[in-house]
Amino acid sequence: MYLQLDPERIGATAERLSRRISERFPDSGLAAVSAELCVLARQTRQQALQLARPNWPLRVVLWGGLLALAAIALVFPVSIRVEAGFGGVSDLLQGIEAAINNVVFVAIAFYFLLTLEGRPKRSAALAALHQLRSVAHIIDMHQLTKDPESLLSSGVDTTSSPRRTLSRFELVRYLDYCSELLSIVSKLAALYAQVLNDSIVLNSVNDVQNIAQGLSAKIWQKIGIVNDIALQGERRPG
């Protein structure tokens, strides 16, 4: 139970987080992003189940092709006959060269057939991971203008300055929600690594997780600054 990620629990966590965000910041862009992430979590669950399911008709055809190639590879060397004399040796060398070429061809055919089932699954997983990578950057865009220094600044805003109406508590909650959303993105990406043992997919999953962790670390730096500002305010003499 605790050895694999549960897509159902990840989806339930994403939906609960979306409700929390909508209740705290109704009609906000972050609430809309969290709702989209819930849809993406449901799609990821369905796709992960499909990718984990073996394609038995295709596997039967593939194993039939592999057995046929193996039979050809075994029968062909037996059919080579060596005759005495110079011509026989020359024919033997040509036969060995032809046998090596056939072995290479059979090996390539083996590899092609063995990876035939995994290639469409890899393409689907990479497309989904690319979408998760985009969502991570969208979440980062929503916290981009949430500047902790605005809690201390008394300067005059310009016409293009973003609206900063959040209190210290609301700013921390907003940033924390962004970090939690990035964590959900990371876990959804990990589902593809769980169902597909493919090196290219694993590398793409690691890329998404590294992006999410890096963006989350930046968010927690902001949260740390907000907390430091709060401590400084508490230490000031009354």
How long is the gap from [atom1] on [X] to [atom2] on [Y], to the nearest 0.5 Å?
X      : Y      : atom1 : atom2 : answer
Leu181 : Gln143 : CG    : CD    : 11.5 Å
Leu215 : Ile139 : CG    : CD1   : 8.5 Å
Leu17  : Leu37  : CG    : CG    : 8.0 Å
Ser179 : Ile219 : OG    : CD1   : 5.5 Å
Ser183 : Ile10  : OG    : CD1   : 9.0 Å
Ile211 : Ser134 : CD1   : OG    : 9.0 Å

Where is the tightest heavy-atom contact between [X] and [Y], given as atom of each residue plus distance?
X      : Y      : value
Val208 : Ala189 : CG1-CB, 3.8 Å
Leu129 : Ser204 : CD1-OG, 3.5 Å
Val185 : Leu132 : CG1-O, 3.6 Å
Ser18  : Ala35  : OG-N, 3.7 Å
Ile223 : Leu175 : CG1-CB, 3.7 Å
Ala136 : Leu182 : O-CD2, 3.7 Å

[Y] and [X], any side-chain heavy atoms less than 4.5 Å apart:
X      : Y      : answer
Gln47  : Thr44  : no
Leu191 : Leu188 : yes
Ile138 : Met141 : no

If you look only at pairs with a residue in [range], which of them pass as a salt bridge (charged side-chain N to carboxylate O under 4.0 Å, His left out), with sequence neighbours excluded?
range            : answer
residues 18-34   : Arg20-Glu180
residues 28-41   : none
residues 204-223 : Asp140-Lys218

With [X] via salt bridge (Lys or Arg N to Asp or Glu O under 4.0 Å) - residues at least two apart:
X      : answer
Asp176 : Arg173
Arg42  : Glu15
Glu8   : Arg45

Check: Please, which pairs that meet side chain to side chain donor-acceptor pair (under 3.5 Å) have at least one residue in residues 193-203, sequence neighbours excluded?
Finding: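 Sorted result for residues 193-203: Arg122-Asp198.
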Excluding sequence neighbours, so at least two apart, what forms side-chain contact (heavy atoms from CB on, under 4.5 Å) with Thr13?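 Thr13 satisfies side-chain contact (heavy atoms from CB on, under 4.5 Å) with Ile184 once adjacent residues are dropped.
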Legend entry - Apart from Leu202 itself, residues in the same hydrophobic cluster as defined by side-chain heavy atoms under 4.5 Å: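 None; Leu202 is a cluster of one.
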Is there any ring-ring contact (aromatic ring centres under 6.0 Å, His included) pair reaching into [range], and which pairs are they, with sequence neighbours excluded?
range            : answer
residues 165-215 : Phe25-Tyr174
residues 31-51   : none
residues 118-148 : none

